[in-house]
Amino acid sequence: MSTDLHHTPESAPATTPPRAAALHEPVIGWFDAHARDLPWRRPDAGAWSVMISEFMLQQTPVVRVLPVHEQWLARWPRPADLAAESPGEAVRAWGRLGYPRRALRLHAAAGAIAQRHGGEVPHDHAELLALPGVGEYTAAAVASFAYGRRHIVLDTNVRRVFARVVTGVAHPPNATTAAERRTAAGLLPADEATAARWAAATMELGALVCTARSPQCGQCPVAALCAWRLAGSPAHEGPPRRGQSYAGTDRQVRGRLLAVLRASPTPVSQSALDSVWHDPVQRARALDTLVEDGLVEPLADGVYRLPV
DNA sequence: CACACGTGGAT
DNA sequence: TATCCAAGTGT
């Protein structure tokens with residue numbers, strides 16, 4: 001086994017990266033045999049179902065999204081149904097998925113779809129991107145998964161698969177780079193339907209086999225072509241991967257405060273909020289930012305509620 | 001571009 | 001127990 005002692009992120013892999021065409025069939029074939037049966041992937045799933053799932057899946061695992069996604073779709077079958085609700089109800093129904101600003105943005109996106117797009121989730125990438133809460137990834141994902149369009153879908157799973165198979169490193173950079181976009185563009189099948197299949201397949205491969213912690217290379221359809229394996233599965237180099245701290249942060253306080261509001265069908269008093277965090281300064285700051293974000297609505301006399 | 005932004009399960 | 005990680009977006 002030859003080890004490159006002077007390896008840097010920009011250096012060429014020790015072996016030739018696999019050709020695009022050599023990857024398509026095994027990866028898509030693997031997907032056909034092993035893809036999970038997720039509600040938003042079923043033939044009868046509409047674009048709205050896909051869009052709800054994409055919002056919920058931003059930084060939240062599939063198993064926790066499943067039940068909430070089902071509830072949302074049953075309660076708000078079309079974008080206009082959600083748009084007709086108060087934003088507070090969206091925040092409440094978001095439950096404990098985390099990052100509740102996503103609920104607010106999905107509610108706002110539903111409003112924009114009802115107003116500007118005749119109630120239909122747009123097909124066009126640029127129009128999707130213009131919606132609140134829809135970034136580069138989500139716009140591509142909705143266009144590709146819901147409408148079969150040909151787009152570069154670069155999420156954390158796909159980035160990790162390409163980092164290993166093509167670039168030969170254990171993990172992708174912290175932020176998406178131009179080099180990654182070039183790699184993804186070079187691998188994207190020319191045929192539109194195949195490209196959409198490829199996007200879903202590479203994402204699923206990263207989620208189920210080419211995982212962050214302990215990849216199941218024995219199950220991987222392209223293990224024999226994988227630049228990382230061929231290089232001896234070298235450990236991660238470079239800057240430490242971004243860790244998230246949580247205990248004691250404003251985020252934790254915001255979470256506590258919002259949990260109180262979600263649980264109460266009626267406005268809550270200042271004292272009810274005061275009871276969930278000891279430090280009055282941090283508590284006040286957290287409440288302030290929740291109000292700024294539109295997640296909490298202050299009423300008169302130190303009473304608060306979810307936004308109407 | 002680095003950082004804020006929730007929550008909970010796995011190791 | 002501490003850390004890592006999960007289909008990112010907005011600033």
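In the text below, chain A, chain B and the rest are named by the order of the sequence lines, each starting its count at 1.
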Whether the side chain of A:Thr60 and the base of B:dG6 hold a donor-acceptor pair under 3.5 Å is what I'd like checked. yes
Span that lies between the [atom1] atom of [M] and that of [N], in whole angstrom:
{"N": "C:dC5", "M": "B:dG6", "atom1": "C1'", "result": "14 Å"}
{"N": "C:dA7", "M": "B:dC5", "atom1": "P", "result": "23 Å"}
{"N": "B:dG8", "M": "C:dT1", "atom1": "C1'", "result": "16 Å"}
{"N": "C:dA6", "M": "B:dC1", "atom1": "C1'", "result": "23 Å"}

Please write out each protein N/O paired with an N/O of nucleotides 9-11 of chain B under 3.5 Å, distance rounded to 0.1 Å.
residue : atom : partner  : partner atom : Å
B:dT11  : O4'  : A:Arg213 : NH1          : 3.3

Roughly how many Å is it from [atom1] in [X] to [atom2] in [N], rounded to a whole number?
{"X": "A:Tyr246", "N": "C:dC4", "atom1": "OH", "atom2": "C1'", "answer": "16 Å"}
{"X": "A:Asp288", "N": "B:dA4", "atom1": "CG", "atom2": "P", "answer": "18 Å"}
{"X": "A:Gln58", "N": "C:dG10", "atom1": "CD", "atom2": "C1'", "answer": "11 Å"}
{"X": "A:Met51", "N": "C:dG8", "atom1": "CE", "atom2": "C1'", "answer": "14 Å"}
{"X": "A:Leu106", "N": "C:dT9", "atom1": "CG", "atom2": "C1'", "answer": "13 Å"}
{"X": "A:Ile152", "N": "C:dG8", "atom1": "CD1", "atom2": "P", "answer": "17 Å"}
{"X": "A:His151", "N": "C:dA7", "atom1": "NE2", "atom2": "C1'", "answer": "16 Å"}
{"X": "A:His69", "N": "C:dA7", "atom1": "NE2", "atom2": "P", "answer": "16 Å"}

Among the candidates [options], find the nucleotide nearest to the side-chain atoms of [X].
{"X": "A:Arg251", "options": "B:dT7, B:dC5, C:dG8", "result": "B:dC5"}
{"X": "A:Trp40", "options": "C:dG10, C:dA7, B:dG6", "result": "C:dA7"}
{"X": "A:Arg96", "options": "B:dG6, B:dT7, C:dG8", "result": "B:dT7"}

Using a strict 4.0 Å threshold on nitrogen-to-oxygen distance, state whether [X] and [Y] make a salt bridge.
{"X": "A:Arg149", "Y": "A:Asp124", "value": "no"}
{"X": "A:Glu89", "Y": "A:Arg75", "value": "yes"}
{"X": "A:Arg41", "Y": "A:Glu204", "value": "yes"}
{"X": "A:Asp81", "Y": "A:Arg78", "value": "yes"}
{"X": "A:Arg254", "Y": "A:Asp293", "value": "yes"}

Classify the nucleic acid contact of [X] as base, sugar-phosphate or nothing, counting any heavy atom under 4.0 Å across all strands shown.
{"X": "A:Phe55", "value": "nothing"}
{"X": "A:Arg160", "value": "sugar-phosphate"}
{"X": "A:Val134", "value": "sugar-phosphate"}
{"X": "A:Gln252", "value": "nothing"}
{"X": "A:Leu97", "value": "base"}
{"X": "A:Gly98", "value": "base"}
{"X": "A:Arg262", "value": "sugar-phosphate"}
{"X": "A:Leu38", "value": "base"}

Between A:Ala141 and A:Leu129, which is nearer to the 5' end of DNA chain C once each is assigned its nearest nucleotide? A:Ala141
Using heavy atoms to find the nearest nucleotide of DNA chain C for A:Pro132 and A:Pro61 separately, return the residue whose nucleotide is more 5′. A:Pro61
5′-ward residue of the pair A:Ala175/A:Leu290 relative to DNA chain B: A:Ala175
Is the phosphate of [N] approached by [X] (side-chain N or O, under 4.0 Å from OP1 or OP2)?
{"X": "A:Arg102", "N": "C:dT9", "result": "no"}
{"X": "A:Tyr99", "N": "B:dT7", "result": "no"}
{"X": "A:Gln59", "N": "C:dA6", "result": "no"}

Just checking A:Trp72 against A:Trp94, ring centres under 6.0 Å apart? yes
Closest heavy-atom pair, A:Glu297 versus A:Pro307, reported as atoms and distance to 0.1 Å, is OE1-CA, 3.5 Å
When you compare the side chains of A:Ser86 and A:His107, does any donor N or O come within less than 3.5 Å of an acceptor on the partner? no
Carefully, step by step, assess A:Thr138 and A:Gln58 under the rule side-chain hydrogen bond (donor to acceptor under 3.5 Å, both in side chains). CA-CA 9 Å; A:Thr138 300; A:Gln58 291 168 4; 3.0 Å; yes
